[in-house]
Amino acid sequence: MSDLHEPLLRWYDEHARELPWRGPQASAWSVMVSEYMLQQTPVARVLPVHEQWLERWPTPAALAAEPTGEAIRMWGRLGYPRRALRLHAAATAIVERHGGEVPADAEDLRALPGVGDYTAAAVAVFAFGRRHAVLDTNVRRVLARADDGVELPPANVTKPERERATALLPEDDAEAATWSIALMELGALVCTAARPRCGACPVADLCAWRAAGHPAYDGPPRRGQAWAGTDRQCRGRLLAVVREADGPVRASTLARTWDEADQRTRCLAGLVEDGLLVRDGEGYSLP
DNA sequence: GACCCGTGGCC
DNA sequence: TGGCCAAGGGT
């Protein structure tokens with residue numbers, strides 16, 4: 001493969017978005033919070049919640065001192081509210097195991113609740129300048145296209161993908177960090193999943209997928225996310241009602257937000273089981 | 001590896 | 001209009 005580094009780094013220098021969790025002024029905690037919120041959630045929706053979150057809880061200790069229900073409420077409509085629970089649990093673990101400081105070591109990060117391979121690498125690289133391959137959906141798509149000549153990467157990260165991404169890292173730590181975020185930014189802004197803007201791509205002339213004439217994806221079918229009538233929709237609606245309420249919400253009130261009684265009961269039990277709701281004599285509340 | 005977990009914008 | 005998609009992680 002031809003060398004993507006120079007044109008990509010030059011492009012990033014010119015086109016990078018200014019985001020509150022980027023740059024030398026951002027704390028490691030700010031970076032970590034952003035990474036939790038950005039899991040499957042677009043930047044535009046994360047921005048306002050991230051700002052409120054950091055204002056209220058500027059440190060892991062500040063968050064850990066609050067009930068989990070406060071985190072669920074502040075999470076608002078970002079989706080996947082268990083992430084709020086995991087972020088709270090991670091803050092608690094950071095206080096207990098790391099003296100209240102976000103750990104810089106990827107292995108320590110990986111051990112925190114809600115931190116997988118991607119998030120551990122992202123925090124280590126973006127907050128601490130460590131040298132790791134950062135394999136998110138953007139990076140994987142860019143490399144699949146530029147390098148492999150296919151439209152989309154496999155469903156799950158493969159060993160060859162990880163080895164290649166590691167081999168592409170510049171030797172210098174700081175340059176490797178910039179390279180990783182530049183690759184992500186290109187995927188987010190130019191080499192998008194739908195309607196890629198190849199005319200604006202700094203490495204278009206090096207791209208194997210473009211050279212092959214943009215062949216359509218021909219891998220195994222990708223499962224869509226069912227929504228209407230699912231437990232996820234039911235859970236979301238039930239939790240939204242409690243989240244917006246001041247006090248406990250009676251079961252009879254919740255019954256009006258979802259018709260099917262069996263599904264409603266099952267979902268309420270699941271929400272309690274997950275720690276997203278608590279039930280007392282008055283009804284359902286945030287924990 | 002399959003499946004589950006929210007929410008909303010886009011074309 | 002509705003399927004697709006968004007800086008994944010847990011089980």
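Here the P atom of nucleotide dA6(C) and the CZ atom of Arg83(A) are 14 Å apart, to the nearest Å. We find that CG of Leu143(A) is positioned 15 Å from C1' of dA7(C), with the value rounded to whole Å. We find that OH of Tyr118(A) is positioned 6 Å from P of dG8(C), with the value rounded to whole Å. The CZ-P distance, from Arg45(A) to dA7(C), rounds to 12 Å in whole Å. Straight-line distance from the CG atom of Leu85(A) to the P atom of dT11(C): 12 Å, rounded to whole Å. In this structure, the OH atom of Tyr217(A) is 14 Å from the C1' atom of dC5(C), given to the nearest Å. Per the geometry, CG belonging to Asp274(A) stands 18 Å off P belonging to dG9(C), to the nearest Å. The CZ-C1' distance, from Phe126(A) to dA7(C), rounds to 8 Å in whole Å.
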Worked check of side-chain contact (heavy atoms from CB on, under 4.5 Å) between Met184(A) and Phe126(A): CA-CA 12 Å; Met184(A) 277 178 72; Phe126(A) 303 146; 3.6 Å; yes
Evaluation steps, salt bridge (Lys or Arg N to Asp or Glu O under 4.0 Å), between Arg131(A) and Glu171(A): CA-CA 8 Å; Arg131(A) 185 174 177 277; Glu171(A) 284 304 317; 3.8 Å; yes
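Atom P of dT11(C) sits at a distance of 14 Å from the matching atom of dG6(B), rounded to the whole Å. Taking the P atom of each, dA7(C) and dC11(B) are spaced 15 Å apart, rounded to whole Å.
When the shell of 6.0 Å around CZ of Arg56(A) is examined, it contains more than 12 heavy atoms from other residues, nucleotides or ligands. Around CG of Asp205(A), the count of heavy atoms belonging to other residues, nucleotides or ligands within 6.0 Å exceeds 12.
Taking the side chain as every heavy atom from C-beta outward, Arg10(A) and Pro202(A) never approach each other to under 4.5 Å. With contacts defined as side-chain heavy-atom distances shorter than 4.5 Å, the pair Arg279(A)/Pro248(A) does not qualify. Using a 4.5 Å cut-off on side-chain heavy atoms (C-beta onward), Arg130(A) and Asp105(A) make contact. Considering only heavy atoms from C-beta on, Trp21(A) comes within 4.5 Å of Val43(A) through its side chain.
To the nearest 0.5 Å, the span separating CG on Leu87(A) from CD on Gln39(A) amounts to 9.5 Å.
Using a 4.0 Å heavy-atom criterion, one finds that Thr137(A) contacts the sugar-phosphate atoms exclusively. Across all strands shown, Val115(A) has heavy atoms under 4.0 Å from sugar-phosphate atoms exclusively, and none from any base. Across all strands shown, Arg77(A) has heavy atoms under 4.0 Å from sugar-phosphate atoms exclusively, and none from any base. Gly116(A) comes within contact range of the sugar-phosphate backbone alone, with a heavy-atom separation under 4.0 Å but no base atom that close. Among the heavy atoms of the strands lying under 4.0 Å from Leu78(A) is at least one base atom, whether or not backbone atoms are also near. Ala194(A) comes within contact range of no nucleotide atom at all, as no heavy-atom separation falls under 4.0 Å.
Neither OP1 nor OP2 of dC5(C) sits under 4.0 Å from any side-chain N or O of Thr192(A).
For DNA chain B, the residues of residues 12-43 of chain A within the heavy-atom distance limit of 4.0 Å (strictly under) are Gln40(A), Thr41(A), sorted by number.
Each of Arg235(A) and Arg223(A) was matched to the nucleotide of DNA chain B holding its nearest heavy atom; the match closer to the 5' end belongs to Arg223(A). Mapping Asn156(A) and Gln225(A) onto DNA chain B by nearest heavy atom places Asn156(A) at the nucleotide closer to the 5' end.
Scanning DNA chain B 5' to 3' for nucleotides with an atom closer than 4.0 angstrom to a non-hydrogen atom of chain A gives a first and last hit of dC3(B) to dC11(B).
Geometrically, Arg222(A) engages Tyr217(A) in a cation-pi contact defined by less than 6.0 Å to the ring centre and at most 45° from the axis.
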